[in-house]
Amino acid sequence: MSKIIGIDLGTTNSCAAIVENGGVKLIPYKGGEFIIPSIFAIDDKGNELIGHEAKRQWQLNPRNTVYASKRLIGRSFASDVVELMQSTVAYKMKPGERNDVLLDVGTKNFRLAEVSAKILNKIRGVAQDYLQEKVTRAVVTVPAYFTDRQRQAVKDAGKMIQLEVVRIINEPTAAALAYGIGKNLNETVVIYDLGGGTFDVSIIEIRDRVFEVKATGGDIFLGGLDFDQTMIDYVLRDFASKYGIDLATDPVAMQRIKDLAERTKIDLSARESAPFSVPFVTMTPQGQPLNIDFTFTRKMLEEMTTPLVDRSLEILQRVMTDAGMTPDRCDELLLVGGQTRMPIVQKRLSAFFGKPPSKGVHPDEAVAIGAALYANSLEDNSNLRLQLLDVIPMAIGLERAGGEFHVVFPRNAAIPNAKAIEATTSYDGQTEVAMRIYQGDNPTVAHNELLGDFLFSGLRPGPAGTARLEITFQVSIEGILTMSSRDLDTGKQMKTTVRVTQH
Ligand code: AMP
């Protein structure tokens, strides 16, 4: 059996780690780098590029370069998220047969799970080169705020490349493992994870080898990319007001601005001001070249991104309330994700908790390290016994009359978990019962994410209301839902089919 590796499959960057000779380490890529950009592209000769190779040609080939696709995984084409994404990226999306999202790159269409599979395969390849053996099993991390369908999509991506995703764990939980294993702790920690594309908060009680998540929350549309976008919007507005030209329609100019926005943002974490200069970004109708040239200050960046930081703190406050926590009861605040290096984020958090964040974990490495430690504990020969008690991030329930959402598991319900409800028939001779299952926190289903239509068939026909069936909802340790049902009179298991028709 091959070793189980830990994979942090990030929105912007991915990396892998492994426990070897009693120590945990990140798996290095060719030049000694640990991070692989989560980018997939098709070049003009039709070659597929993944990781650094894809990132290098991004500026010249934005139309066929896919990034941040993790934000789209497990979404239906009609969702607001897809529309929002389409307005900020140069690659094109279109609806698939089941109203899922297809990415139209090169001359082909790719499903989201396929793109994730390609990135996973790249990471697996790097690990194989390093370990000099085949890698067929991995623990993969996902944002705590991922729904059942998004988790399922990551599992499917693994299947496509014969990589068994032995366990999916939440990113903040993985970071807590990296922090807490082997320290014999008795602490409550808050993990504030602001990465490239997603934001998660978890409150976790660590009692030696027991890691119990008390509450979690997040936003998979809040991350470094949104900080970049705020800067980009500012630059575009400024340029349009000076020259009356909209650069948004020029993919190459946009890519140059995007790259520089991110670099400037990172610079401004270390200095007070930085030049923002893009020479020959476009031309006037008369053929005169135009440049972007001004200075960005840290103060400007902080002011324009205040709403983003505020949003993260509102979510943090809600999760604290859900856990019945007050800031003074937090023993350690762990910062995870590259965007937490922004000084104002640290300042606002220090003010919130009345103390500075812990230096206990590396913001870029903790998630992969935690995944590898957990992977190691799952090995047959491991003597590390870990107990992970996680929760679901959003309620799971079913549609009732009038589109009302009937909650079966409230948000922050502990997993694994199972619940049974009783149902009956509503008309004579009925042999099937259908249920539409959603995940979300809104009282009406229309605002929640559809997980699937479950159909229970094989009921004995009889008068309305006489059949008694028990429907069981089971949420696995990975936050994935399965359903089953039983005829209570005969004890017979009914046949269950799931159809994820997306709307
Ligand atoms: P991650 O998903 O953890 O790799 O986070 C990547 C995000 O962190 C990207 O949006 C980066 O631009 C951002 N980032 C990395 N370093 C810094 C820094 N020093 N200051 C601000 N943002 C950063």
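Along the sequence shown, residues carry numbers from 1. Order of appearance sets the numbers: ligands from 1, and atoms from 1 within every ligand.
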Can you find a heavy atom in the side chain of Lys94 that is under 4.5 Å from one in the side chain of Asn109? yes
Given the ring of Tyr179, does Lys183 sit roughly above its face, with NZ or CZ under 6.0 Å from the centre of the six-membered ring and within 45° of the axis? yes
Could you pull out every protein residue that has a heavy atom closer than 4.0 Å to ligand 1, ordered by chain and then number? Thr12, Asn13, Gly195, Gly196, Gly224, Glu262, Lys265, Ile266, Ser269, Gly337, Gly338, Gln339, Arg341
salt_bridge(Lys214, Asp322) N-O dist < 4.0 Å: no
In terms of heavy-atom contacts, does NZ of Lys92 have more than 12 from other residues, nucleotides or ligands at under 6.0 Å? yes
Take Ser38 and Thr12, measure what side chain to side chain donor-acceptor pair (under 3.5 Å) needs, and give me the verdict at the end. CA-CA 5 Å; Ser38 309; Thr12 49; over 6 Å; no
Has Arg71 got its NZ or CZ under 6.0 Å from the middle of the six-membered ring of Phe221, at an angle within 45 degrees of the ring axis? yes
